[in-house]
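So that the names make sense, note that chain A is the first sequence line, chain B the second, and so on, each numbered from 1.
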Amino acid sequence: QKEVEQNSGPLSVPEGAIASLNCTYSDRGSQSFFWYRQYSGKSPELIMSIYSNGDKEDGRFTAQLNKASQYVSLLIRDSQPSDSATYLCAVNGDGGFKTIFGAGTRLFVKA
Amino acid sequence: GAGVSQSPSNKVTEKGKDVELRCDPISGHTALYWYRQSLGQGLEFLIYFQGNSAPDKSGLPSDRFSAERTGGSVSTLTIQRTQQEDSAVYLCASSFGRSYEQYFGPGTRLTVT
């Protein structure tokens, strides 16, 4: 059973701080990795995709991938109250379209 | 441009009835996915369609669930003889090519009474 694990949280950070969200996956053959944000009562929206080891930055968001450790993370710099949401880590297997989602980490940014 | 659309947005049905949920993906997207999300839970993969390939049905929870995709576009998820445990939000997503980046519709909230 391929799994994606996330700390359910809630993770609480003050406004302006860095929020660090982590994810581990079990399938060593996984090739594509994603972070989605889901506000309460809404559907998930794509924030970041990452396919190679290292860091990928997009505005206030940085995704980090370490395939050897089977670990993906998302850093949110200068956190804002509007970043308060559930963040879902998602992983695709080798060459496949099937995507496994983690259960999500709830983030609260306190003003 | 237009995003993924789903209908109905809400559906209340009696236990034992059949329901059909519809998804209209983003134009040109080749892959279409169905997920189920129970209250406070993560996304449960149900099925995906990619181009003309056979769908991956490995996530369908029972033979009461089926899905089809007509003309490589619109998809219908059918649940026969609904049970109370089928109550959830059913999400559809589409993606283009092998980026696997998925764009979600607003979901259909299904309540089985």
Problem set entry | Engaged part of A/Lys98 at the chain B interface, taking heavy atoms whose separation is under 4.5 Å | both
Exercise. Relative to chain B, which segment of A/Gln38 carries a heavy atom at a distance below 4.5 Å: side chain, backbone, both, or neither?
Worked result: side chain
Problem set entry | Residue A/Lys56 excluded, over 12 heavy atoms near NZ under 6.0 Å | yes
Exercise. Side chain of B/Tyr100, backbone of A/Ser49: donor and acceptor closer than 3.5 Å?
Worked result: no
For this session: Look at the side chain of A/Ser43 and the backbone N and O of B/Gly105, then say whether any donor-acceptor pair between them is shorter than 3.5 Å.
Result: yes
Exercise. Between B/Gln41, B/Glu44, B/Gln37, which shows the greatest number of heavy-atom pairs under 4.5 Å with chain A?
Worked result: B/Gln37
Problem set entry | Between OG on residue B/Ser99 and OH on residue A/Tyr51, distance to nearest 0.5 Å | 5.0 Å
Exercise. With under 30° as parallel and over 60° as perpendicular, where do the rings of A/Phe97 and B/Tyr33 fit, or are they tilted in between?
Worked result: tilted
Problem set entry | Shortest non-hydrogen contact from A/Tyr36 toward B/Glu101 | OH-C, 4.1 Å
Exercise. So do the side chains of B/Gln102 and A/Thr99 get within less than 4.5 Å of each other, counting heavy atoms only?
Worked result: yes
Exercise. Do A/Phe101 and B/Phe45 have side-chain heavy atoms sitting under 4.5 Å apart?
Worked result: no
For this session: Answer with yes or no whether the hydrophobic clustering places A/Leu88 together with A/Ile47; edges join I, L, V, M, F, W, Y residues whose side-chain heavy atoms lie under 4.5 Å apart.
Result: no
Exercise. For the candidates A/Pro44, A/Gly104, A/Ser8, which exhibits the highest count of non-hydrogen atom pairs separated by less than 4.5 Å from chain B?
Worked result: A/Pro44
Problem set entry | Under 4.5 Å from any heavy atom of chain A - which part of B/Leu91 | side chain
